Asker: 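The structure that follows is given in the form of structure tokens.
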Amino acid sequence: MRKRYAVIISLVLALAMMGSGYAQFSNVEDAIRYRKSVMFMIAHNFKSIGAEVQKKAGVDQARVASDAQTVAFLATLPWEAMTTPGSDQGDTTMSSAVLTKTAQFKREVSGFEDATQKMAIAAETGEIDKVKGAFGAVAGTCKSCHGGFRKR
Ligand code: ASC
């Protein structure tokens, strides 16, 4: 019985910490490492979808659906790490514009998140032409944001 209470209390505390912004960063190095990790995973799973939808035959629908869900989830993660003050300096390709043109950056982020959700929905249908279209739309949002907010 005691053990069960301990588990419940741990869960409640974990949830409370999540709600109170536990993911805030205490130093810029952690913020940079966190967002680079997420962007790397997004690129990996996104490219995996690209490789599948280009196939002439034998598309792995389950993999596409799983990758698309993963991308849609990951797409929600890296932004707090990008708004960490001072994290435009150091070992990063993030442009300082992220910290100054915040409204424009948020629009880019929303466009990307929306496009990844649409891609996940398309992947659920299993209609590969729809996935291809949605994949192209996501790639467009990547490119658009990188144009203004990533150092070349
Ligand atoms: C990728 C990747 C990007 C985007 C971009 C789309 O796979 O790593 O940065 O797609 O090239 O235009």
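For ligands, and for the atoms within them, numbers begin at 1 and follow the listed sequence. Computed from a prediction, not measured in an experiment: that's the story for all the values here. FYI, side chains are in, hydrogens and waters are out, and symmetry mates aren't considered; it's all heavy atoms of this structure.
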Asker: Once salt bridge (Lys or Arg N to Asp or Glu O under 4.0 Å) is applied, what residue pairs with a partner in residues 84-110 remain, sequence neighbours excluded?
Answerer: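 Sorted pair list: K36-D91.
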Asker: Taking the side chain as everything from C-beta on, heavy atoms only, tell me whether T83 gets closer than 4.5 Å to F25.
Answerer: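 The answer is no; the side chains never approach within 4.5 Å.
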Asker: According to the salt bridge (Lys or Arg N to Asp or Glu O under 4.0 Å) rule, which pairs have a member within residues 110-121, sequence neighbours left out?
Answerer: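 Qualifying pairs, neighbours excluded: none.
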Asker: Any side-chain hydrogen bond (donor to acceptor under 3.5 Å, both in side chains) pairs touching residues 39-56, not counting sequence neighbours?
Answerer: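 Matches after skipping sequence neighbours: S48-D67, E52-K55.
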Asker: Please find the pair of heavy atoms, one from A75 and one from T116, that lie closest to each other, and give the distance.
Answerer: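 Minimum heavy-atom separation between A75 and T116: CB-OG1, 3.7 Å.
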Asker: If we only count heavy atoms from C-beta on, is the S87 to E29 side-chain gap below 4.5 Å?
Answerer: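 SC-SC contact between S87 and E29 ruled out.
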Asker: Need the list: ligand 1 N/O atoms against protein N/O atoms, distance under 3.5 Å, rounded to one decimal.
Answerer:
from: ligand 1; atom 1: 12 (O); to: A139; atom 2: O; distance (Å): 3.3

